[in-house]
Structures are given as structure tokens and as C-alpha cells.
Amino acid sequence: MKFVYFIRHARSHANQQNLLIGRNGEHELNDLGLRQAATLGERLKDQGVRTFRTSPLRRAVQTAHILTDTVGCPEALVAEDLIERDFGSFDGMDRPTLLETRAGLGLDNQDPTGYFPPDLADVEPIGDVQVRMTRAWQSAVDSVPAGESVGLISHAGTIKALLYAALGIDERHPRAFKVFQASYVKCKVPEPGRLTVHEIWVNPVQ
């Protein structure tokens, strides 16, 4: 049996400012994020996770460095498929601007960072996110021996998209799944190509 840990990066300065950040790679972890990552590292060390892959974005790579240093394992492999969803023209908006813009387009704001209809041409379709995230976890699982686990450091948008597909949740369902900063969703791989949720761990440093 193998397990995959879908890990959201720790808190960044952009998170602190309540910005919707997609593929902007310049945002770094803040002081709280550094503490979150250290706590997460100790947790994953106890879980026996010793193989990691990470999104190429700075906030994820920083998180990965802290995790591998804490666990005492090789550096995480950078995987492009783990990059955050491309939010197009919404990228970088603060909360009030995001809500106002969505309302102006007639979009529901129950989950303003989650659901984007497919007719928004500059936002990456959720189906494309699900395809590449599935490719990412299957490749990672294939790289470790039976009985071992792998940690994938990614982002809220990508992890939610994947789990919606794996669990059969409609993306229009408001706040059906929340992925906290520097926290993880541990999934079992009972058979090739299939995921089941085994544990949801929320970092106590929030």
C-alpha cells in the first residue's frame, strides 16, 4: 500500500494580505509561514515521509526546503505539474476587488477562489488542472517502492481541483473542501489510478 500526502504550502506574505495568487512566483513565506512549515516537517517526519516533490513557485519551494531539512531527506524534486492554477486576470486581486469583479460578471461569491465557469477564457479550466495533478501524483507514486509514501507540495487551487475529481464533488459546490496552509490531505492508493482520503491534518499554527 502507498500513500500520497497532498500538502499546501505554508503562509506567504500574499496570503497574509488576502490576495488571490496564482502563478506569481515571487511571493515568499512570512514569519508565520516559516513556523508552520517547521511544525509540518516534524509531523511528516513522524509519519515517515522521506520523498517529496514540489511546485516550482517560490512559496512552495521554500516550504519544501524546510520540510526536507526537518525530515533529513534529499531535496524535493521540482514538478511543473504541481504549479498553482492559472487565474488569469483575477491573479493578484485583493478580496474586495475579487468579489466586486466576480459580482460584475454575474458569478456566485460563496466560494470566490474556487469556482470559475469554463467560459472565462483566461482562467485555466478545472479539467486541465485535474489532468495534470493526476499525472503528478501517479508519477510520484510510481517512483517510490511499495509501502512508502510521497509528499507533494502544491497549492489550494490545485489540491481542491484534484480532490473534487477524485471524490466526485461538483466544483460548483460552495466550500466543499478547504485545504489549510501548511496542512495536508493524506490519500491511500488502494489500486493503480485510484485515491481514497485517509486523513486530513490541519496545522495547529494558523
Side-chain angles (χ1 to χ4, degrees), residues 6-37 40 54-64 78-134 136 152-167 169-185 200 202-203 205-206:
F6 294 100
I7 302 163
R8 183 182 176 186
H9 65 82
R11 182 173 295 186
S12 68
H13 291 286
N15 294 138
Q16 191 69 39
Q17 298 168 42
N18 211 9
L19 303 178
L20 175 61
I21 297 298
R23 295 188 174 180
N24 186 319
E26 300 305 314
H27 295 280
E28 297 190 345
L29 303 185
N30 63 9
D31 289 342
L32 177 60
L34 296 175
R35 296 197 303 274
Q36 288 178 329
L40 173 60
T54 182
S55 156
L57 299 180
R58 177 68 174 157
R59 55 196 186 273
V61 171
Q62 278 189 295
T63 302
V78 174
E80 292 291 333
D81 279 339
L82 295 174
I83 197 170
E84 177 61 294
R85 187 177 186 180
D86 186 348
F87 293 112
S89 58
F90 294 91
D91 199 332
M93 288 186 180
D94 59 29
R95 188 75 168 191
T97 303
L98 175 63
L99 297 180
E100 181 180 357
T101 303
R102 288 178 60 95
L105 294 171
L107 301 180
D108 190 289
N109 274 329
Q110 292 188 78
D111 187 10
T113 64
Y115 174 65
F116 294 89
D119 58 350
L120 290 177
D122 64 342
V123 177
E124 183 182 11
I126 192 170
D128 291 357
V129 179
Q130 291 164 342
V131 166
R132 63 179 172 83
M133 283 294 288
T134 298
L152 304 181
I153 301 108
S154 192
H155 308 268
T158 47
I159 296 172
K160 284 176 62 175
L162 174 67
L163 293 177
Y164 277 22
L167 302 176
I169 299 173
D170 191 318
E171 67 164 327
R172 292 169 294 183
H173 191 294
R175 302 185 182 280
F177 215 103
K178 182 171 178 60
V179 184
F180 289 86
Q181 293 154 357
S183 303
Y184 64 71
V185 179
I200 300 173
V202 179
N203 197 313
V205 182
Q206 292 292 334

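Below, each value reflects all heavy atoms present in this structure, side chains not excepted, and no hydrogens, waters or symmetry copies. In this text, all values refer to a predicted model and were calculated from it rather than measured experimentally.
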task: Would you confirm whether Ser183, through its side chain, and Gln181, through its main-chain N or O, come within 3.5 Å as a donor-acceptor pair?
output: yes
query: In Å, rounded to the nearest 0.5 Å, how long is the span from CD of Gln62 to CD1 of Ile153?
result: 12.5 Å
task: Evaluate the side-chain proximity of Phe180 to Asn203: yes if any heavy-atom separation is below 4.5 Å, no if none is.
output: no
message: Side chains of Leu29 and Thr63, heavy atoms from C-beta outward: is any pair under 4.5 Å?
response: yes
Side-chain touch Ser55/Glu80, heavy atoms, less than 4.5 angstrom: no
- request: Enter the distance from Thr54:OG1 to Ile7:CD1 here, rounded to the nearest 0.5 Å.
  value: 9.0 Å
field: Residues, nucleotides or ligands: over 12 heavy atoms within 6.0 Å of Glu100 CD
entry: no
message: With a 3.5 Å distance limit and no angle check, can you tell me whether Asp94 reaches the backbone of Leu19 through a side-chain donor-acceptor pair?
response: no
query: Is there a donor-acceptor contact under 3.5 Å from the side chain of Gln16 to the main chain of Asn30?
result: no
- request: With the side chain counted from C-beta on, respond yes when Asp91 and Leu20 share a heavy-atom pair under 4.5 Å apart, and no when they do not.
  value: no
message: How close do Leu32 and Val205 get, counting heavy atoms only, and between which atoms?
response: CD1-CG1, 3.4 Å
message: Do the side chains of Lys160 and Asp111 get close enough for a salt bridge, i.e. N-O under 4.0 angstrom?
response: yes
- request: Measure the shortest side-chain to side-chain distance between Thr113 and Arg95 over non-hydrogen atoms and say whether it is less than 4.5 angstrom.
  value: yes
- line: Heavy-atom nearest pair, Val129 first then Arg85, reads CG2-CG, 3.7 Å
query: salt bridge (Lys or Arg N to Asp or Glu O under 4.0 Å): which pairs involve residues 114-129, sequence neighbours left out?
result: Arg23-Glu124, Glu124-Arg132
message: To check you understand the geometry: which heavy-atom pair defines the closest contact between Ala60 and His9, and what is its length?
response: CA-CB, 3.9 Å
field: Side-chain (Gln36) to main-chain (Ala10) donor-acceptor, under 3.5 angstrom
entry: no
query: Closest heavy-atom contact between Ala37 and Ala182?
result: N-CB, 4.4 Å
field: Side-chain heavy atoms of Leu107 within contact of Pro117, under 4.5 Å
entry: yes
field: Flag, side chain of Ser154 to backbone of Leu82, donor-acceptor distance under 3.5 Å
entry: yes
field: Side-chain (Thr97) to main-chain (Met93) donor-acceptor, under 3.5 angstrom
entry: no
message: If you count heavy atoms of other groups shown closer than 6.0 angstrom to CD of Glu26, is the number above 12?
response: no
- line: The complete set of ring pair (Phe, Tyr, Trp, His ring centres under 6.0 Å) pairs with one or both residues in residues 100-132, sequence neighbours excluded, reads Phe87-Phe116, Phe90-Phe116
Short side-chain to backbone donor-acceptor contact, Thr158 and Glu84, under 3.5 Å: no
query: Between Arg8 (side chain) and Val179 (backbone), is there a donor-acceptor pair under 3.5 Å?
result: yes
message: What verdict does the side-chain contact (heavy atoms from CB on, under 4.5 Å) test give for Thr134 and Leu162, after you've listed the backbone C-alpha separation in whole Å, the side-chain angles of each residue and the deciding distance to 0.1 Å?
response: CA-CA 7 Å; Thr134 298; Leu162 174 67; 3.5 Å; yes
- request: For the residue pair Arg59 and Ile21, establish whether any side-chain heavy-atom pair is separated by less than 4.5 Å.
  value: yes
